[in-house]
Enquirer: 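One structure coming up, written as structure tokens, with questions to follow.
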Amino acid sequence: MLLYLHVPFCRRKCRYCAFYSEPCAPGDDARLTAWADALLGEMRREARALGRPAVSTVFFGGGTPSLLSPALTGRILDEAAALFSLEDGAEISMEANPESMTEEKARGFRAAGVNRVSLGVQALDDGFLAALGRAHDKKAALAAFSALRRAGFANVGFDLMWGLPGQSAANWKAQLAEACALSPEHLSCYGLMLEEGTPLYRERESLPLPSEEEAAAMYEEGGALLEAAGYRQYEISNYAKEGFACRHNQGYWQGKDYLGLGPSAVSCIRNERRSNAADTEAWRLAVLRGERAAAVERLGFTERAEELVMLGLRTAEGLDLAAYRALTGRDFMKDNEGLVAELLRLGMAGREGGRFFLTRRGMLVSSSVMEQCFEHIPAKPEGAA
């Protein structure tokens, strides 16, 4: 099982972000402690209900988890180790923003048990950082990375964004080259999404966004640059040096059960998806009452089949054709014969070792491909009454 912990606090909201978070002023330790107390209450309840399951990865996401103190982080991880069967060598990841990462904190997080950090750099360009509403500049991002290295972290990733207003493919590749020169173990490269309700979405008509052709060049040429620098693409947006793919995220794409704790966190266990309330106080009060402030959805056959296709085609490894047949009773390649033939002809897909996968060019249109595949999923397994 995977364990996800949502830290719903940020110094301020970025202009593109639609994830659930709320502002937290420096020094507001009482608020962070109240959240942690509730999180641990929820953790105890769920661990009892699940019978102390084995946990292979823990992921602090947010929000900005690096706003926590190392002491509070250690308290949470100690409790997790006591309540769950935490596997030897478990991956313990933390998302961090540069403005909240010092060498002292980095050493404290490492001592607390964190062994992987995903640093929210987003851009190595002060102009783009300001446009995104980030609370740090390039100098702070480089300083945070150096602090993590000096603290002994040997598994550090950068989060970067492409397709920004006013950005060119040449600029994007220059930033990637600069990032590669620093040699982080992992790079997550996300195309800008204009999410409804965000400031950038409201300004969308006036934004000088790259053309489709320029954006495609950023994705394809940027991916080729990373590959040449020793980073293997293992998912639509993720690249890693050998042995450093994020095991937690791989677990999601492999369909493993996961438990999400904290406001807005999502769990999926035994084909039941549960989404906690995106309201910290409502979630906290529910935990104190011994209740769940969560929406529950039972995944039926169609939802499970669609997830199998969607998660498989997100990865470079691709869809396991035998798993598709085992679930649906049908032949994926035959059901999607016309689409598959066209994708193969255009060099947008491949088939190897019992798997069907999208190439980097095919990943550019993955949403459209998935939607077309969904149309051929039967309403119930082949042969079912």
Enquirer: Check this for me, if you would: do E203 and R15 make a salt bridge, where the nitrogen-to-carboxylate-oxygen distance has to be below 4.0 angstrom?
Expert: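 R15 and E203: salt-bridged.
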Enquirer: Under a 3.5 Å distance rule, please check whether T198 uses its side chain to pair with a backbone N or O of E195 as donor and acceptor.
Expert: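 Flag set: sc T198 to bb E195 pair under 3.5 Å.
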Enquirer: Does R202 use its side chain to pair, donor to acceptor, with the backbone of G197 at less than 3.5 Å?
Expert: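 A pair under 3.5 Å: yes.
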Enquirer: Is R31 paired with E22 through a side-chain N to carboxylate O contact shorter than 4.0 Å?
Expert: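 Yes.
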Enquirer: If you look at every heavy atom in R304 and L299, which pair is closest and at what distance?
Expert: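 Scanning both residues completely, I find the closest heavy atoms to be NE-O, 3.7 Å.
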Enquirer: Nearest 0.5 Å please: distance from the CG atom of L321 over to the CZ atom of F357.
Expert: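 Reported value, rounded in 0.5 Å steps: 11.0 Å.
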Enquirer: Can you measure from CZ (R314) to CD1 (I236) and round to the nearest 0.5 angstrom?
Expert: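 These two atoms lie 4.5 Å from each other.
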Enquirer: Decide side-chain contact (heavy atoms from CB on, under 4.5 Å) for Q167 and D125; before the verdict, give the C-alpha distance in whole Å, the side-chain angles of both, and the deciding distance to 0.1 Å.
Expert: CA-CA 11 Å; Q167 190 175 40; D125 181 294; over 6 Å; no
Enquirer: For the pair Y20 (side chain) and T280 (backbone), establish whether a donor and an acceptor sit closer than 3.5 Å, ignoring hydrogens and angles.
Expert: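 A pair under 3.5 Å: yes.
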Enquirer: So, H186 side chain and F244 main chain: donor-acceptor pair closer than 3.5 Å or not?
Expert: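 Side chain of H186 to backbone of F244: no pair is present.
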Enquirer: Looking at side-chain heavy atoms only, is the closest gap between T73 and M94 below 4.5 Å?
Expert: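 SC-SC contact between T73 and M94 confirmed.
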Enquirer: Measuring from atom CG of L164 to atom CG of N171, what distance do you get when rounded to the nearest 0.5 angstrom?
Expert: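 Between atom CG of L164 and atom CG of N171 there are 8.0 Å.
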Enquirer: For C24 versus F9, what's the shortest heavy-atom pair and its separation?
Expert: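 C24 and F9 have their closest heavy atoms at CB-CB, 3.7 Å.
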Enquirer: May I ask you to decide whether E79 forms a salt bridge with R44, counting only side-chain N to carboxylate O separations under 4.0 Å?
Expert: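 Result for this pair is yes, salt bridge flagged.
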Enquirer: Measure the shortest side-chain to side-chain distance between P263 and N276 over non-hydrogen atoms and say whether it is less than 4.5 angstrom.
Expert: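 Counting from C-beta outward, P263 and N276 never come under 4.5 Å.
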Enquirer: Among R110, E103, E104, which residue satisfies the side-chain contact (heavy atoms from CB on, under 4.5 Å) criterion with R107?
Expert: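 Option passing the side-chain contact (heavy atoms from CB on, under 4.5 Å) with R107: E103.
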Enquirer: Test your reading of the model: is there a side-chain donor-acceptor pair from K13 to the backbone of F19, 3.5 Å cut-off?
Expert: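 Present.
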Enquirer: Run through Q254, H248, Q250, K256 and flag the one making a side chain to side chain donor-acceptor pair (under 3.5 Å) with Y252.
Expert: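 Per the side chain to side chain donor-acceptor pair (under 3.5 Å) rule, the option paired with Y252 is H248, out of Q254, H248, Q250, K256.
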Enquirer: Show, in sequence, the C-alpha distance, side-chain angles and deciding distance for L313 and S366, and conclude whether the side-chain contact (heavy atoms from CB on, under 4.5 Å) test is met.
Expert: CA-CA 7 Å; L313 292 183; S366 59; 5.9 Å; no
Enquirer: Would you check if C246 and Y234 make a side-chain contact, meaning some heavy-atom pair closer than 4.5 Å?
Expert: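 When only atoms from C-beta onward are counted, Y234 and C246 do touch, with a gap below 4.5 Å.
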Enquirer: Walk me through it: do V369 and M348 pass the test side-chain contact (heavy atoms from CB on, under 4.5 Å)?
Expert: CA-CA 10 Å; V369 172; M348 301 175 80; over 6 Å; no
Enquirer: For L327 and P381, which heavy atoms make the closest approach, and how far apart are they?
Expert: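 Smallest interatomic distance, heavy atoms only, reads O-CB, 3.9 Å.
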Enquirer: Please round to the nearest 0.5 Å and tell me the distance separating atom CZ of F158 and atom CG of L176.
Expert: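 If we round to the nearest 0.5 Å, F158:CZ and L176:CG are 11.5 Å apart.
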Enquirer: Is the shortest side-chain heavy-atom distance between Q233 and L226 below 4.5 Å?
Expert: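 In short, these two side chains do not touch, never coming nearer than 4.5 Å.
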Enquirer: Taking R355 for the side chain and G318 for the main chain, is one N or O donor matched with an acceptor at less than 3.5 Å?
Expert: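 A pair under 3.5 Å: yes.
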Enquirer: Is the backbone N or O of Q122 less than 3.5 Å from a side-chain atom of Y190, with the two atoms forming a donor-acceptor pair by type?
Expert: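 No; judged by distance alone, with no hydrogens or angles, the pair does not exist.
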Enquirer: Minimum heavy-atom separation for N115 and I92, please, with both atom names.
Expert: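 That would be OD1-N, 2.8 Å.
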Enquirer: For R270, look at atom CZ and say whether over 12 heavy atoms of other residues, nucleotides or ligands are found less than 6.0 Å away.
Expert: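 Counting other residues, nucleotides and ligands, CZ of R270 stays at 12 neighbours or fewer.
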Enquirer: So do the side chains of C373 and L339 get within less than 4.5 Å of each other, counting heavy atoms only?
Expert: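 SC-SC contact between C373 and L339 confirmed.
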Enquirer: Are L160 and W162 connected in a single hydrophobic cluster, I mean Ile/Leu/Val/Met/Phe/Trp/Tyr linked by side-chain heavy atoms less than 4.5 Å apart?
Expert: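 Same hydrophobic cluster.
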Enquirer: Can you hop from F128 to L182 via hydrophobic side chains spaced under 4.5 Å?
Expert: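 Each belongs to a different hydrophobic cluster.
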Enquirer: Side-chain heavy atoms under 4.5 angstrom apart, residues restricted to Ile, Leu, Val, Met, Phe, Trp, Tyr: same cluster for L40 and L285?
Expert: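 L40 and L285: separate clusters.
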Enquirer: Determine, step by step, whether F60 and I76 satisfy the side-chain contact (heavy atoms from CB on, under 4.5 Å) criterion, reporting the C-alpha distance in whole Å, the side-chain angles of both residues, the deciding distance to 0.1 Å, and the verdict.
Expert: CA-CA 10 Å; F60 288 85; I76 292 166; 4.0 Å; yes
Enquirer: Check each of K173, R360, R361 against E220 using the salt bridge (charged side-chain N to carboxylate O under 4.0 Å, His left out) test, and report the only one that passes.
Expert: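 It is R361, the one option of K173, R360, R361 that forms the salt bridge (charged side-chain N to carboxylate O under 4.0 Å, His left out) with E220.
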Enquirer: L194 and L209: which non-hydrogen atoms are nearest, and at how many Å?
Expert: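 Scanning both residues, the minimum pair turns out to be CD1-CD1, 3.8 Å.
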Enquirer: So, do M101 and L148 sit near enough that their side-chain heavy atoms are less than 4.5 Å apart?
Expert: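 They are in side-chain contact.
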Enquirer: Quick one: does any side-chain atom of Q175 pair with a main-chain N or O of L124 as donor and acceptor, under 3.5 Å?
Expert: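 Yes, the answer is positive, given that a donor and an acceptor are paired below the 3.5 Å cut-off.
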Enquirer: Check whether more than 12 heavy atoms from other residues, nucleotides or ligands sit under 6.0 Å from atom CZ of R45, and answer yes or no.
Expert: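 Atom CZ in R45 is crowded, with more than 12 foreign heavy atoms closer than 6.0 Å.
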Enquirer: So E337 and K334, salt bridge (charged side-chain N to carboxylate O under 4.0 Å, His left out) or not? Walk me through it.
Expert: CA-CA 5 Å; E337 190 172 7; K334 186 175 292 185; over 6 Å; no
Enquirer: Using a strict cut-off of less than 4.0 Å between a Lys/Arg side-chain nitrogen and an Asp/Glu carboxylate oxygen, indicate whether D37 and R75 qualify as a salt bridge.
Expert: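 Yes.
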Enquirer: Nearest 0.5 Å, what's the CE-CG distance between M43 and L261?
Expert: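 With rounding to 0.5 Å, CE (M43) is 5.5 Å from CG (L261).
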Enquirer: In terms of relative ring orientation, are F332 and F356 parallel, tilted or perpendicular, with 30° and 60° separating the classes?
Expert: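 Ring orientation of F332 relative to F356: tilted.
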Enquirer: Within a radius of less than 6.0 Å around CD of E242, do more than 12 heavy atoms belonging to other residues, nucleotides or ligands occur?
Expert: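 No, because the 6.0 Å sphere around CD of E242 holds 12 heavy atoms or fewer from other groups.
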Enquirer: Please state whether the rings of Y4 and F59 are parallel, tilted or perpendicular, taking 30° and 60° as the class boundaries.
Expert: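 Correct class here is parallel.
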Enquirer: Below 4.5 Å, heavy atoms only, C-beta onward: do W172 and E221 meet side chain to side chain?
Expert: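 Contact flag for W172/E221 side chains = no.
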Enquirer: Within the 4.5 Å heavy-atom criterion, are E297 and S275 side-chain neighbours or not?
Expert: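 Not touching, per the 4.5 Å side-chain cut-off.
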Enquirer: Begin with the C-alpha distance, continue with both residues' side-chain angles, and end with the deciding distance and a verdict on salt bridge (charged side-chain N to carboxylate O under 4.0 Å, His left out) for E99 and R12.
Expert: CA-CA 11 Å; E99 72 277 3; R12 67 178 187 227; over 6 Å; no
Enquirer: What's the spacing between L3 CG and S93 OG if we round to 0.5 Å?
Expert: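 OG of S93 is found 11.5 Å from CG of L3.
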Enquirer: Would you say R204's side chain and Y201's backbone share a donor-acceptor pair under 3.5 angstrom?
Expert: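 It does hold such a pair.
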Enquirer: Would L5 end up clustered with Y258 when hydrophobic side chains under 4.5 Å apart are linked, directly or stepwise?
Expert: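 Yes, one cluster joins them.
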Enquirer: Can we call the ring centroids of F153 and F109 under 6.0 Å apart?
Expert: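 No, they do not, as the ring centres are separated by 6.0 Å or more.
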Enquirer: Under 3.5 Å, is there a donor-acceptor pair between the side chain of E306 and the main chain of E303?
Expert: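 The answer is no, because no donor-acceptor pair under 3.5 Å joins these two groups.
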Enquirer: L311 and T315: which non-hydrogen atoms are nearest, and at how many Å?
Expert: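 That closest heavy-atom pairing would be O-CG2, 3.5 Å.
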Enquirer: For W253 and E317, run side-chain hydrogen bond (donor to acceptor under 3.5 Å, both in side chains): C-alpha distance rounded to whole Å, both residues' side-chain angles, the deciding distance at 0.1 Å, then the answer.
Expert: CA-CA 11 Å; W253 303 321; E317 190 175 44; over 6 Å; no
Enquirer: Apply salt bridge (charged side-chain N to carboxylate O under 4.0 Å, His left out) to residues E178 and K138 and explain how you reach the verdict.
Expert: CA-CA 11 Å; E178 190 170 359; K138 177 181 174 178; 2.7 Å; yes
